[in-house]
Amino acid sequence: MIRTDKLVFEYIRRDEEGNVEGITRAVDEVDLSVEPGQFIAILGHNGSGKSTLAKHFNALLYPTEGEVYVDGMNTDDGEHLWEIRQEAGMIFQNPDNQIIGQVVEEDVGFGPENMGVPTEEIWERVDESLKAVRMDKFRKSSPNHLSGGQKQRVSIAGVIAMHPKCIIMDEPTAMLDPNGRREVIRAARALNQVEGITIILITHYMEEVVDADKVFVMDKGRIVMEGTPREVFSRVDKLKELRLGVPQVTLLAHELAKSGLPIHEPVLTRAELVKELKALKER
Amino acid sequence: MAILLNHVNYIYDEDTAMAHPALIDVSLNIPDGQFIGLIGHTGSGKSTLIQHMNGLVKPTSGQVLFDGEDINEKGYDKKALRAKVGLVFQYPEHQLFETDCFKDVCFGPKNQGLPKKEAELRAYEALKQVGFDDEYFYQSPFDLSGGQKRRVAIAGVLAMRPQVLILDEPTAGLDPKGREDILGLISRLHKETGITIILVSHSMEDVADYVQRIIVMNSGRVQFDGEPRQVFAHYRELEEIGLAAPQVTYVMKELKEAGFDVDENATTLEEAKNEILRVFK
Amino acid sequence: MLRDITLGQYYRTESVIHKLDPRVKLVATFAFIVSLFLVKNFIGYVIAFLFLALCVKLSNVPPRFIFRGMKAIFFLLILTMVFNLFLTPGDPLVTVWKFKITKEGIRLAFMMGIRLVFLITGSSLMTLTTTPNNLTDGLESLLKPLKKVHVPVHEISMMMSIALRFIPILMEETDKIMKAQMARGADFESGSLMTRARSLVPLLVPLFISAFRRANDLAMAMESRCYRGGEGRTKMKPLIYQSHDYIAYIAILAYLVLIVVFGRILFV
């Protein structure tokens, strides 16, 4: 679905007079590939380059070196620009700054309008998209009266209405409270499982990636770890070094193991930890 | 007895069709030197509550007392109050405006009417308290990373030398290490200076490790108020109002149900670890 | 304080007027305003009043909402009337110190007052019964002919609707920044004009930065959703005239004819 080949992105820093101060490599030789239908998570601390990377998947940024392919199309190839943006939809961090319409349903219709979809079909798409994120009850509401989680779901509906194959979510939960975070993650998972849409979730909340098919961890523009959540979470100390954490149970299990209890790491859920401890007790 | 709220009610958008109660009969006692976690989901009234404590919002009925005096009485010096009860808003870095960090931190003490020397001294101290590096003092605040900006913004309030420091979601939007750093910083401030701290959060896990007391707000009312272990004992009710106890609380409950002889009220990672290790000894 | 300014004071209810195409309402409002300046006699005002009253009745908007808009111009209304009352030359009726009240003055003050009240009522009725985005859609469609002379009609209406979407957000933000600076001892309310102007810096700088950040984010979000200007764009809610819209046009025309005939030509 998405493939990058030695992707490098550099930007030039300038001082107040416009003189070049230096060059920052925000993304550094990233090779990654995402298969259709996967649920992928990209982790990294603030400033690790994960958002810059994400913007390449939607042709909002273009590589300085290397290549990005979305569904076989090179993003550098201007001819496919609109196809790429339609196929790989994007959700951003700030719920307020990505809603254009003054009424929920009109915002959801914004993408299809831009694509030139006939009026009747826009209505069909808006209906089904709002249902998919369970926001159909709010279709006539003003976005200003919604909670953060609801606003993000409206944004997701706006992307689904464009019938994408893949949705890239750039820290969609960073500004939400726990309720809102749950709503958004639940919606993302449902889209992945029910509609088969590829999801790329960028986040630093570890709890959100436990169910991902694959996790990439970024630092200083590079991918420094990749694997299943189980593989990644088994390296608690390495993650801490990268300014990240692990879910509290994983950490508890890790601490117990360090204190000498023979626990099989990593432990990702509460049930797993209780099971482990029970097994230990019976021995 | 520093802050006392006496049957405070607040109606939002009074006199309009949108009127709705934001605070309902809130009575609280915030003694000097406590480290308090104030928890509630968005719209629970916690932000409105803290704005009552430094007089930014006036209660519709009821009183707010600071050191025994009603702050909404005519002639009460609110400006002086706001220096004593420092309030750090959510995303405080969005309020930075000066050309360099140091000047920005001086803004508060200058408004207090302090002489320039004294204001600068306090600003310097505050920046040191938040662990801000000297080399960035004269940089534009807009060139800093998110975590650094937030430190400058917190220093901006600390520089007024408040007796009570209220922080609204100070970790919002930061990465895990950034969150840990800021929380560590706040906890250190409490230990070193002994000032009262009210930490507003919606993350129980963040709060449980540090605070002595938790106040849970729900639909404008104080739902629970007590030590963390007392509050988390109500984990089922907390779930119902959209909040959850820390993961370890659940682990301990489940272990207890599975027949382990552990204290099910452990709320921090450290406590949980020690309890489990004790059982296996 | 800032929250009191309400733009787009749409009153949600069901009515014939609400259902009308925004273009009809825009044209009607324009026609009504023009008619007020055509009227030359008392009969004309009666006709205008009856037309307006009928529209208000049909709109199901409680009159107190309509008169709320009047509060804002009350001062202007009084001022206009006083000026006209005292400063119109003609036969003096009463003399108060140096000022004369003339017959013509009374007549003119009365006419201006009525005009202003009708004008505000008429345009309030339009904004009360039309959602702001419907209004921009209507304007875009009515101004379409200007595209031929290279007026960027689509862009202007897009800008208007984005502004309408973000004004409440920026209001809230202003309130928040103000409070945050007040928590740091800022004072926005006292001092001389100069100090007060200077005290706005801590409010305006963060507000501008935030507005630019939002604009940047929004541009990115729009681009990522395939926005590329008005070219080749379809509409989710295209404006299509229904039969009641044609009836409304006929009613407006009839009203204009009545005004011209009775308010201007006959009984001069």
Side-chain angles (χ1 to χ4, degrees), chain B residues 12-13 15-18 47-48 50-51 53-57 77-99 103-114 119 123 126 140-142 149 153-160 162 165-168, chain C residues 1-13 60-62 64-66 68-69 71 128 168-191 195-217:
Chain B
Y12 193 75
D13 275 342
D15 307 324
T16 71
M18 306 271 290
S47 292
T48 314
I50 54 173
Q51 289 179 24
M53 294 182 183
N54 75 345
L56 280 173
V57 177
D77 187 356
K78 281 213 175 144
K79 219 166 147 181
L81 170 75
R82 284 175 195 150
K84 286 182 211 148
V85 182
L87 174 53
V88 180
F89 274 78
Q90 208 178 3
Y91 298 101
E93 62 273 20
H94 290 176
Q95 290 115 43
L96 300 175
F97 67 97
E98 278 287 8
T99 44
K103 269 195 207 159
D104 208 289
V105 178
C106 287
F107 181 66
K110 268 195 197 150
N111 284 330
Q112 281 177 280
L114 295 169
S140 161
F142 307 110
K149 271 189 211 169
I154 294 174
V157 173
L158 272 180
M160 300 193 297
L165 181 66
I166 307 172
L167 301 111
D168 193 357
Chain C
M1 167 192 110
L2 286 155
R3 208 172 292 187
D4 300 339
I5 309 164
T6 44
L7 256 163
Q9 36 166 357
Y10 182 64
Y11 183 87
R12 188 183 298 270
T13 183
N60 282 345
V61 178
R64 70 192 161 90
F65 276 88
I66 294 170
R68 192 176 281 178
K71 263 190 232 157
L128 280 163
I169 294 177
L170 288 175
M171 292 277 192
E172 214 167 278
E173 183 130 0
T174 311
D175 191 52
K176 209 182 125 190
I177 297 172
M178 233 162 128
K179 278 186 177 162
Q181 306 297 29
M182 276 159 76
R184 290 210 279 163
D187 190 347
F188 294 105
E189 273 140 20
S190 56
T195 23
R196 260 201 247 187
R198 217 173 309 135
S199 75
L200 284 180
V201 172
L203 172 65
L204 292 179
V205 172
L207 194 61
F208 272 102
I209 290 171
S210 148
F212 278 114
R213 190 180 46 236
R214 286 184 193 278
N216 199 16
D217 282 4

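Naming convention: chains lettered A, B, ... in sequence-line order (proteins, then strands); numbering from 1 in each chain.
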With sequence neighbours excluded, tell me which residues meet salt bridge (charged side-chain N to carboxylate O under 4.0 Å, His left out) with E98(B). none
When the side chains of residues 195-211 of chain C are checked against the rest of the protein, which donor-acceptor pairs come out under 3.5 Å, sequence neighbours left out?
| unit_1 | atom_1 | unit_2 | atom_2 | d |
| --- | --- | --- | --- | --- |
| T195(C) | OG1 | S192(C) | N | 2.8 |
| T195(C) | OG1 | S192(C) | O | 2.9 |
| T195(C) | OG1 | S192(C) | OG | 2.8 |
| S199(C) | OG | R196(C) | O | 2.7 |
| S210(C) | OG | E173(C) | OE1 | 3.4 |
| S210(C) | OG | E173(C) | OE2 | 2.7 |

Separation of M182(C) CE from N111(B) CG (nearest 0.5 Å): 11.5 Å
Under the salt bridge (charged side-chain N to carboxylate O under 4.0 Å, His left out) rule, collect the residues that match up with R184(C), sequence neighbours excluded. D104(B)
Nearest heavy atoms of Q181(C) and Q95(B), plus distance in Å: NE2-O, 3.0 Å
Starting from the C-alpha separation in whole Å, work towards a yes-or-no answer on side chain to side chain contact (heavy atoms under 4.5 Å, CB included) for R213(C) and H94(B). CA-CA 11 Å; R213(C) 190 180 46 236; H94(B) 290 176; 3.4 Å; yes
Expected contact set for residues 83-92 of chain B against chain C at heavy-atom separation under 4.5 Å reads L87(B), F89(B), Q90(B)
If one checks every heavy atom of Q112(B) against chain C at 4.5 Å, the contacting part turns out to be neither
